[in-house]
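Here is the structure we will look at.
Treat the numbers as computed from the prediction; the structure is a model and nothing was measured. Every chain is numbered from 1, with letters handed out A, B, ... down the list of sequences.
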Protein chains: 2
Amino acid sequence: MAKRVSHKDSMCGVARPLDAIGDWWSLLIIRDAFDGLRRFGEFQKSLGLAKNILSARLRNLVAHGILDTVPASDGSPYQEYVLTQKGQGLFPLLVALRQWGEDFFFAPDEPHVTLVDRATHMPVRRLELRAQDGRMLMAEDTVVVVPALAGERE
Amino acid sequence: MAKRVSHKDSMCGVARPLDAIGDWWSLLIIRDAFDGLRRFGEFQKSLGLAKNILSARLRNLVAHGILDTVPASDGSPYQEYVLTQKGQGLFPLLVALRQWGEDFFFAPDEPHVTLVDRATHMPVRRLELRAQDGRMLMAEDTVVVVPALAGERE
DNA sequence: AATCATGGTTTCAAATTAAAACCACGTTAG
DNA sequence: CTAACGTGGTTTTAATTTGAAACCATGATT
């Protein structure tokens, strides 16, 4: 972790989040947390990863303010791991990942889990990126701009 | 790569995409590709990663159909790496990552690059997740459902 | 003919990961 | 009381991955 950033001493707006998350396992832990898992053992069982790795990842996620530890809700002498606000902010990212997966990693008829509206049980729509005025935007309709000295590069 | 999935022989809709992308470097490569970079040397200069690693990542991305190699457009004897349709499908994911970064990794006054609407040069809106009927959905408004019997829990 | 730029591959040391063994603490069973 | 057990980890150790640097191949430049 703590990646070396030699040629630019501040990480960009994409690399910084990536560094905080840590690795793929962490993202799967976060997904499980969204699904309501809270206990060390639950994560381990769900993901099947080594306990030392899980331990390290949880510690890292807590250190980055994505998870928080709280005393167990059921009286057991252990702690539970819950998403902070910051952690919950990752929801769109997980949805994006899932939708991309649906688009390209499953045969048309292959069954897969679906994200549905809790109220109606209908599948959710695609994530939408819109301009201020409401127009839908595709990748080509956007540019990345750097703030002050305005070197606009794309 | 090619992660072992011992306890379940089919990866879920989130893990599969993660496996295909490979690692954080790959995502940064993809971001650069969205920014128009195409050449080996451009990626290397932009990201500052070792050439062997870049080489491996590019090969992996091509193998997973996220990038494609095309003969160089400028007559040089080399090839260029361009996003496939599948690769372009990752745009929302990058936007999600960037917006999360803006929310939690920059001081309110700290300058950072911004994604803007190419037409108006105004910042884009937040990614929106909506129900079929158009209601905006938060994480708590959604559930993940498994498709009938299939043994995939999530 | 020698040099340089580009796009890699190979080599090898260092860091990371993962499996398994171990440990601590509290609970239940005998 | 004591032995086994479940939970939540840490330590140990080997295997894998990473990354820096050196090397190489090809074509263009001087």
Side-chain angles (χ1 to χ4, degrees), chain A residues 1-9 11 15 18-29 32-33 36-64 67-82, chain B residues 1-9 11 15 18-29 32-33 36-64 67-82:
Chain A
M1 233 124 305
K3 188 130 14 202
R4 185 73 61 264
V5 186
S6 44
H7 64 121
K8 193 79 74 177
D9 68 48
M11 293 171 95
L18 291 177
D19 184 61
I21 295 173
D23 73 349
W24 286 166
W25 281 126
S26 302
L27 213 45
L28 293 173
I29 291 169
D32 277 356
L37 272 54
R38 316 177 124 231
R39 298 289 284 260
F40 186 96
E42 291 180 317
F43 292 117
Q44 211 229 321
K45 182 143 156 294
S46 164
L47 299 173
L49 83 176
K51 297 203 289 179
N52 52 350
I53 303 300
L54 176 56
S55 181
R57 294 301 173 272
L58 288 171
R59 207 174 315 126
N60 183 69
L61 288 170
V62 169
H64 280 89
L67 293 180
D68 199 5
T69 52
V70 301
S73 50
D74 66 345
S76 60
Y78 305 112
Q79 53 187 355
E80 298 185 343
Y81 299 88
V82 299
Chain B
M1 231 129 299
K3 187 129 14 204
R4 186 72 59 266
V5 186
S6 45
H7 63 121
K8 194 77 75 175
D9 69 45
M11 294 171 97
L18 291 178
D19 184 61
I21 296 172
D23 73 349
W24 286 166
W25 281 125
S26 303
L27 215 44
L28 293 174
I29 291 168
D32 277 356
L37 272 55
R38 315 177 125 232
R39 298 287 284 259
F40 187 96
E42 291 179 318
F43 291 116
Q44 212 229 323
K45 182 142 157 293
S46 164
L47 298 172
L49 84 177
K51 296 202 289 179
N52 52 347
I53 303 297
L54 176 57
S55 179
R57 295 301 174 272
L58 288 171
R59 207 176 315 127
N60 184 67
L61 288 170
V62 169
H64 280 90
L67 292 180
D68 199 4
T69 52
V70 302
S73 50
D74 65 345
S76 60
Y78 304 113
Q79 53 187 355
E80 298 185 343
Y81 299 88
V82 298

Next on the checklist: Need one value for Y81(B): base, sugar-phosphate or nothing, where a base atom within 4.0 Å counts as base even if backbone is also close, heavy atoms only.
Outcome noted: sugar-phosphate
Checklist entry - Base, sugar-phosphate alone, or nothing: which one does Q79(A) contact when heavy atoms must sit under 4.0 Å apart? => result sugar-phosphate
[X] vs [N]: side-chain N/O to OP1/OP2 distance below 4.0 Å:
| X | N | result |
| --- | --- | --- |
| R59(A) | dG9(D) | no |
| S55(B) | dG8(C) | no |
| W25(A) | dA18(C) | yes |
| R39(A) | dG8(D) | yes |

Separation of atom [atom1] in [X] from atom [atom2] in [N], rounded to whole Å:
| X | N | atom1 | atom2 | answer |
| --- | --- | --- | --- | --- |
| L28(B) | dG19(D) | CG | P | 12 Å |
| E80(A) | dG9(D) | CD | C1' | 16 Å |
| Q44(B) | dG19(D) | CD | P | 13 Å |

Checklist entry - Between L37(B) and Y81(B), is any pair of side-chain heavy atoms under 4.5 Å apart? => result no
Item to check | Residue pair S55(B) / F40(B), side-chain heavy-atom distance below 4.5 Å | outcome: yes
Minimum-distance nucleotide (side-chain atoms of [X] versus [options]):
| X | options | answer |
| --- | --- | --- |
| Y78(B) | dG8(D), dT12(D), dT26(D) | dT26(D) |
| I53(A) | dT17(C), dT9(C), dG8(C) | dT17(C) |
| N52(A) | dA19(C), dG19(D), dG9(D) | dA19(C) |
| K51(A) | dC25(C), dT10(D), dG8(C) | dT10(D) |

Checklist entry - When you match L58(B) and L49(A) each to their closest nucleotide on DNA chain C, which lands nearer the 5' end? => result L58(B)
Checklist entry - When you check the side-chain N and O atoms of D23(A) and S26(A), is any donor under 3.5 Å from an acceptor? => result yes
Checklist entry - Shortest non-hydrogen contact from R39(A) to Q79(A)? => result CD-O, 3.8 Å
